[in-house]
Amino acid sequence: MAHLIDSDVFLAFTTYATIVVLKMMFMSPLTAYFRFATKSFANLEDVVGLAKTPEERKKMLQSNQDVERVRRCHQNDLENIIPFVLIGLLYTLTGPDLSIALLHFRAFVCSRLFHTVSYVLALPQPSRALSWMVGMAVTISMAYRTLVTVFYL
Amino acid sequence: MAHLIDSDVFLAFTTYATIVVLKMMFMSPLTAYFRFATKSFANLEDVVGLAKTPEERKKMLQSNQDVERVRRCHQNDLENIIPFVLIGLLYTLTGPDLSIALLHFRAFVCSRLFHTVSYVLALPQPSRALSWMVGMAVTISMAYRTLVTVFYL
Amino acid sequence: MAHLIDSDVFLAFTTYATIVVLKMMFMSPLTAYFRFATKSFANLEDVVGLAKTPEERKKMLQSNQDVERVRRCHQNDLENIIPFVLIGLLYTLTGPDLSIALLHFRAFVCSRLFHTVSYVLALPQPSRALSWMVGMAVTISMAYRTLVTVFYL
């Protein structure tokens, strides 16, 4: 594995990919936080210890706007960050130029951090739409470069 | 990285994996298209600039059958295409026979293209079910071959 | 690719990652099983051949608690198992100690098997919460080790 570790592009990809996957994973405890803060859960076994009466339990099993917002943000991460890591890894293995690769990785991670802030805080559009587009553009650009380099159908 | 790029199986995997991940990503703009076409959105900040009255906004925040269909298709892609890419990469690194590997990659990509068409156009069953099964069978076959080659618990 | 295959950590990662991805994929046929068992489907074309009257079709398109439980479990797998495989691969390529790596891989796979059992059978909390936390802790620990080894911003 020595020469993978010797490649600066690989080191940079590993760093940015790990950071952005950790950001995606952070949505899970954030969802849990909002579930407890708004007393809104998805499973009967989650509310048995928290609610005493059947009416209270039923109320705790209703969906909540804030929880659903965080879950939509998490879902958008799954739809965008995972393709970035998969295509980014293949792109990295094609041996791209370090400065161009860094530009891609940095733009993606910044765009997704801004996307999360604009989603969770419900900032006015088009802030969320634009940050989503930057992330998509980065991944498509890496995919294009990868296909041009390795094309083998 | 030179010898990874020298491997035909790796070049073929990279090509097919990139194509099928791009196909999965295409579901995002398709969802956005259907959201605008049917005026059906998920977040309040998305409709503020489009609707003038509170009643109109409320109407635009209701779920729509066509949007939900595209989203279910996208979800099915996440559940099937990501396992294909993850297991396919490990399978590729075990050094499989090129012709057998190509058979797997081509069958998977074709099955998922057909799956998307049959889902979005709501073709009669079992067209969608069969295309889903072909994709599952390909990934399970690669997983089997990978486990047999590398098994180390 | 020879030296990747020569690495015991890589063989172990490939084995555990393949097993846990197969476990995640198993949720798809399980969902299909519960859909048929409870006669609860998501698409009109799925019920056309099963129901004769329009009322029967409408009834079959309502959501079912058991199906939704399996789908939530599947979603939790996507949110946790995919980050494990992505970060685990990068961690493996940093050349960690075999015994420490095995500890991570085994703890993760066991925690997710237990998570699925506790989710599908609706075991009393905190069984599901604890198994989820073990999985998160493993992935965060691998991410930390990876970042410390390769850090390149």
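The shown structure was predicted, so the numbers you read here are calculated from the model rather than taken from an experiment. Chain A is the first sequence line, chain B the second, and so forth, proteins listed ahead of strands; every chain is numbered from 1.
Within 6.0 Å of atom CD in C:Q65, 12 or fewer heavy atoms from other residues, nucleotides or ligands are found, so the atom counts as exposed in its surroundings. In this structure, C:R71 places its CZ atom where only 12 or fewer heavy-atom neighbours from other residues, nucleotides or ligands lie under 6.0 Å away.
Shortest non-hydrogen contact noted between B:W132 and C:S28 is CZ2-CB, 3.6 Å. Between B:L147 and C:T18, the closest heavy-atom pair is CG-CG2, 3.8 Å. Here the shortest heavy-atom pairing between C:L44 and B:R69 reads N-NH2, 4.4 Å. Across B:Y152 and C:Y16, no two heavy atoms sit closer than the pair O-CE1, 4.0 Å.
Rounding to the nearest 0.5 Å gives a distance of 11.5 Å between CD1 of C:I19 and OG1 of B:T146. The distance from the CG atom of C:L11 to the OG1 atom of B:T94 is 10.5 Å, given to the nearest 0.5 Å. B:R72 contributes atom CZ, which lies 4.0 Å from atom CG of C:N43 (distance to the nearest 0.5 angstrom). The distance from atom CG of C:L89 to atom CG of B:L89, rounded to the nearest 0.5 Å, is 6.0 Å. Interatomic distance, CG of C:L22 versus OH of B:Y144, reported as 12.5 Å (0.5 Å rounding).
Of the atoms belonging to B:L123, it is backbone heavy atoms, and not side-chain ones, that fall under 4.5 Å from chain C. When heavy atoms are compared at a cutoff of 4.5 Å, C:M27 does not approach chain B at all. Interface remark: B:I82 contributes side-chain atoms only to the contact with chain C (heavy atom separation under 4.5 Å). Residue C:V48 does not touch chain B at all, counting heavy-atom pairs closer than 4.5 Å. Proximity to chain C (any heavy atom under 4.5 Å) is shown, for B:E68, by neither the backbone nor the side chain. Within the 4.5 angstrom heavy-atom criterion, only side-chain atoms of C:L102, from C-beta onward, approach chain B. When heavy atoms are compared at a cutoff of 4.5 Å, B:M133 does not approach chain C at all. Only the side chain of C:F13 comes within less than 4.5 Å of a heavy atom in chain B; its backbone stays farther off.
With contacts defined as side-chain heavy-atom distances shorter than 4.5 Å, the pair C:L86/B:L86 qualifies. The closest side-chain heavy-atom distance from B:S127 to C:E45 is not below 4.5 Å. Under the 4.5 Å side-chain criterion, counting only non-hydrogen atoms from C-beta, C:T14 is not in contact with B:Y91.
Of the possible polar contacts, one joining the C:R106 side chain to the B:L153 backbone as a donor-acceptor pair under 3.5 Å is found.
When each of C:H74, C:M24, C:Q75 is scored by its heavy-atom pairs under 4.5 Å with chain B, the top score falls to C:H74.
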